[in-house]
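Throughout, protein chains are lettered first and strands after them, A, B, ... in sequence-line order, and every chain is numbered starting at 1.
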There are 2 protein chains.
Amino acid sequence: MSIMRYSHFFPKTQKNTPSDAQLISHKLLHQAGFIRDSVAGRYYLLPLAIRVQQKIQKIIKDEMDNLGYLEMLTPVLHPKTLWKETNRTNSVGFELMTIKDRGEFEFVLGGTAEEMFVDLIRKFQISYKDLPIRLYQFSLKFRDEKRARGGLLRLREFLMKDGYSFNTDEEEFKSEYDNMWQAYLTIFKRMGLETIPVLADNGYIGGEYCHEFVVESEAGESRYFVTEDLSYIAHEDVAKFSPDRKNTGDKEEPLKEVKAVRGTTMEDGVKFHKLPLWQQIKDVLFVDERGRFILAIIRGDYDVNETKLLHVAKSYQLRPATEEEIRETLHSEPGFISPVGIKKKAKKEAEIVIVADDSLSTIKNAYGGANQKNKDLMNVNLGRDYQPDVTGDIALAKDGFGSPNGAGSLIAKKGIEVGNIFQLGYHYTHMMKDSEFIDKDGKAKPFYMGCYGIGVPRTLAAIVEKYNDDKGIIWPESVAPFKVHLVGLDLDNLKIKAEAEKVYKILQSHEIEVLYDDRVDISPGGKFADADLIGIPYRVVISKRSGEKLELKRRSEDHTSFVGLQELINMEILNNGKD
Amino acid sequence: MSIMRYSHFFPKTQKNTPSDAQLISHKLLHQAGFIRDSVAGRYYLLPLAIRVQQKIQKIIKDEMDNLGYLEMLTPVLHPKTLWKETNRTNSVGFELMTIKDRGEFEFVLGGTAEEMFVDLIRKFQISYKDLPIRLYQFSLKFRDEKRARGGLLRLREFLMKDGYSFNTDEEEFKSEYDNMWQAYLTIFKRMGLETIPVLADNGYIGGEYCHEFVVESEAGESRYFVTEDLSYIAHEDVAKFSPDRKNTGDKEEPLKEVKAVRGTTMEDGVKFHKLPLWQQIKDVLFVDERGRFILAIIRGDYDVNETKLLHVAKSYQLRPATEEEIRETLHSEPGFISPVGIKKKAKKEAEIVIVADDSLSTIKNAYGGANQKNKDLMNVNLGRDYQPDVTGDIALAKDGFGSPNGAGSLIAKKGIEVGNIFQLGYHYTHMMKDSEFIDKDGKAKPFYMGCYGIGVPRTLAAIVEKYNDDKGIIWPESVAPFKVHLVGLDLDNLKIKAEAEKVYKILQSHEIEVLYDDRVDISPGGKFADADLIGIPYRVVISKRSGEKLELKRRSEDHTSFVGLQELINMEILNNGKD
């Protein structure tokens, strides 16, 4: 039995908070002694946090095991050759860290482990009879994030549960996905978290099977939209909406070029022409990874969604074009770009892809730049005056826009992404040779894959964001570091001290997890404040005042009651979730 | 409840062994499907291995918790600045891997975590009342080993339990050390391993509190000596012995130089002079990290122990001197080096430290080189003809030498080092500023530290080295991946299949860990061979032959018996160590 006396516990609570602490979870976890910062984005997980993390892991493990997933472990140093096979050394959304060993062999510090799992599987002869193969691990992940956030919400090194399924085909995968969806809801619910499965972007892999599990919270970085009836839920990256029709009944007026000595913003155009913003064409110019100019055009009152644009333009990466490129290569002018005639004006070698948002079909007689300084075009009409290379949905949804399924307006939300599930399909098994099984017909076929992640410390932080008050954390019982915080008062009284020691030992002998505040030099107020800050669900006080009984209080309630020791031990709630 | 049907288990057993597999543990773990190689020294731990590893961890955790140690976790990327504080970027015995993040901030991939723990502790105000502070973690360790061994015995990335104690002083540390010693014996015993605490070298930290816990095995790389009564046990690096006295009664004869046209080996000297080997002086010349020439001299029948030499010479690193250095700088001759007059002959700028082994006082009238080709000196006597700068024990113990405590002869052994415990003393807390606590007298004092390691996968491999036969692994019950290997035969018989499914589910519902071989296309012989290879302690067979009963066999015994299901469930042994 472990020794859990607060007199020798490490660390004690702290009054100070880190200077960069913005989030309530960061402040409380620091003050209560759960975490301590090493360097930005890297934390020591202290004994209290490890106890919570292990409970979170246990719940995840339970549900993964239930689905037939087998726990294993891959090395965190991945041979870089594997990442080259899948071209991920260039294309991942998080920055890779690479390292060489003494033999100049290159490794990637694992950010996710798709290549490792596929590489493992292809070392074996797999038959259709072995499928599905379902594997997962809890392993360290490394992400060289530009911006780490305070606390555990965005770390550069963290424990992640990543699971991978190897199915025979898409059909089988779909039921795998549904099962995992349910398991995820259960996992988070067991920790006290209501999660919302938000349709999300699946990057270059694409497909409709990609969801973030989000806990609604102002502290979160995931932006998504819902309808009031929750019939539509989608991440900002992919959210659709119904654009309203504007002047589509108008007659097309003749195109004309006018002098327009104005500034370069959209507002400058509105002021100068005294026309509505929606009638203006918004031009946003990017350069993609192949050096192509991607000219995104959209109705003036909408914004371009870069994630959607990537898909529609079939690009992997975009950066804004520079003023120099606009002038020197395209022979246009910042603030006066126009799809009309730009391909003719530009240098021959410039490849320009004009990507028009669907919303441009909702307006007529638009206005905007004329590819030269202080000149604008009036009555610009799609099809007549310019022809996009691609047309599609590249618009950013906003709060209040009409939902695409007609269920009222979109409501903008923020949340913490604690997990995600998505199809990998044949992406990796096509790129990595020999990742195949022998099917019934004797033929080798690639696996159809899925991937399922949960960030463990971020989940811990999300719980704290949800469960706290002005005194500290209020842990849900399923993940609390201890069940009982036993507070001994008046311990200079030998009889009370002996009683407190007895209660401590009896609770332990009943395998009820107890943290015993046995300090003699701290005031009752100090001990209560520490108990409230740490947030263990049940506080039990022994003192002169409690007499033969114990004073019991739930952290989440104000009410205290007096109970006998046997009564306490028998309380069903204390006996749940024992190891 | 997890799904553990062998039909869907990953992976199945393999016939082949890796071409580099020398060790039985490597072969069996590979064939039985516990591990698979990624690249040299880095392995996938497959589901069977993870189950064993978690059981090993649980046993370690139990005993650490019992001693009041608190589990926590440090990042594995350590800020390199910390390692510079302790000068370990230059002096560690294993090769460091370093890496920079996008901000050019340098990290070390943690090989051990002393700096991290000290850095953590000094972030807090610690009082003597908080002490001792006892912490440990299970964390990945990275060692860029020159030579990784096949299997899990020497890895470049592995899970290690590392514990650290922060005591008020050496006195308190000593009892900490004794407790840990006992805990280590218990930990390994619970896994079926008898360990021998072997006195070992504590590197530049020194001190007498340093022990390796070794499992005797020919597969091991730790060389140590014991006496038959085990009253003396010491690692080769530090083992002492009693040199026998030779001709110490002889009169000192006059020194003389003779012509000696001979080869350069010790044997050449013996043949040429027809004198005993022990009477010859053996000279071994090194250069240390400061560029000093370290001339180690010893009785001809003994060898120099470089570890001991480092301590006696107070050097950190040694390399053999080159022939060029011997000739050009020392003006001596390879094979004819002598302590007599070498300092006078050498270039002025050469710093020479003559280190004499204690054994040189057991001989008189020695012979050896004369610092020039084909010239030897006869009747060389310590004190009269040469004066060492330091005298000490720099001799390598060997099998059959007299034990230093007079308990007979030393017996050479080989073993696998599965754990180690050692004092850090004030080494780190002196080098890292502010690593202090406030003592009773109000003064700041440095912590006295200890460090306690266990390599988890190596322990797993050591168990397999000890527990196997020609059919496979024989897991001790405490760490076995499952308790019961349920083998269903004749499963095309629907009644038997239903019975087997029932037994599988009932065993699971009683929380008895069971792996169920439910395959229909494998012969009984194939299933039995797999069961023997994997090595689960109890094999239970259901078949036409078993009738109403179950056929029970321990993996470690040949005998089978027939038991009823209820009888099986009630077997005490199956109910031990349940989660």
Taking side chain as everything from C-beta outward and backbone as N, CA, C, O, which of these in [X] sits under 4.5 Å from a heavy atom of chain B? Side chain, backbone, both or neither.
{"X": "Ile126(A)", "result": "side chain"}
{"X": "Leu77(A)", "result": "both"}
{"X": "Ser7(A)", "result": "backbone"}

Is there a side-chain contact between [X] and [Y], using heavy atoms and a 4.5 Å cut-off?
{"X": "Tyr44(A)", "Y": "Pro75(B)", "answer": "yes"}
{"X": "Met4(A)", "Y": "Asp65(B)", "answer": "no"}
{"X": "Arg42(B)", "Y": "Pro79(A)", "answer": "no"}
{"X": "Leu120(A)", "Y": "Leu46(B)", "answer": "yes"}
{"X": "Pro47(A)", "Y": "Glu71(B)", "answer": "no"}
{"X": "Lys61(B)", "Y": "Gln54(A)", "answer": "yes"}

Which of [options] touches chain B most, by non-hydrogen pairs under 4.5 Å:
{"options": "Val76(A), Thr74(A), Val39(A)", "answer": "Val76(A)"}
{"options": "Leu73(A), Leu82(A), Leu131(A), Leu48(A)", "answer": "Leu73(A)"}
{"options": "Arg519(A), Glu157(A), Gln125(A)", "answer": "Glu157(A)"}

At their closest point, which heavy atom of Thr98(A) faces which heavy atom of Ile99(B), and how far apart are they?
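Residues Thr98(A) and Ile99(B), closest heavy atoms: O-CD1, 3.4 Å.
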What is the distance from atom [atom1] of [X] to atom [atom2] of [Y], rounded to the nearest 0.5 Å?
{"X": "Leu45(A)", "Y": "Ser139(B)", "atom1": "CG", "atom2": "OG", "answer": "11.5 Å"}
{"X": "Leu109(A)", "Y": "Phe107(B)", "atom1": "CG", "atom2": "CZ", "answer": "10.5 Å"}
{"X": "Ile3(B)", "Y": "Asn66(A)", "atom1": "CD1", "atom2": "CG", "answer": "7.0 Å"}
{"X": "Glu145(A)", "Y": "Arg102(B)", "atom1": "CD", "atom2": "CZ", "answer": "8.0 Å"}

Counting heavy-atom pairs under 4.5 Å with chain A, which one of Asp130(B), Asp119(B), Leu140(B) comes out on top?
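Heavy-atom pair counts peak at Asp130(B).
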Determine the option with the most heavy-atom pairs under 4.5 angstrom with chain A, choosing from Leu135(B), Leu159(B), Leu155(B).
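Ranked by heavy-atom pairs under 4.5 Å with chain A, first place is Leu135(B).
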Which atoms of [X] come close to chain A, meaning under 4.5 Å heavy atom to heavy atom: side chain ones, backbone ones, both, or neither?
{"X": "Gln14(B)", "answer": "side chain"}
{"X": "Ile50(B)", "answer": "side chain"}
{"X": "Phe158(B)", "answer": "neither"}

After noting the C-alpha distance and the side-chain angles of Phe166(A) and Phe10(B), does the key distance pass the ring pair (Phe, Tyr, Trp, His ring centres under 6.0 Å) rule?
CA-CA 11 Å; Phe166(A) 297 83; Phe10(B) 177 82; 7.9 Å; no
Under 3.5 Å, side chain of Asp101(A) to main-chain N/O of Asp144(B), donor-acceptor pair present?
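Looks like no, no N/O pair under 3.5 Å.
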Checking the side chain of His8(A) only, and the main-chain atoms of Ile133(B) only, is there a donor and an acceptor separated by less than 3.5 Å?
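Answer holds: no.
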Under the ring-ring contact (aromatic ring centres under 6.0 Å, His included) rule, collect the residues that match up with Phe9(B), sequence neighbours excluded.
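Phe9(B): ring-ring contact (aromatic ring centres under 6.0 Å, His included) contacts with Tyr6(B).
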Please list every donor-acceptor pair under 3.5 Å in which a side-chain atom of residues 29-37 of chain A meets a protein atom from a residue at least two apart or in another chain.
unit_1: Gln31(A); atom_1: NE2; unit_2: Lys15(A); atom_2: O; d: 2.8
unit_1: Arg36(A); atom_1: NH2; unit_2: Lys123(B); atom_2: O; d: 3.4

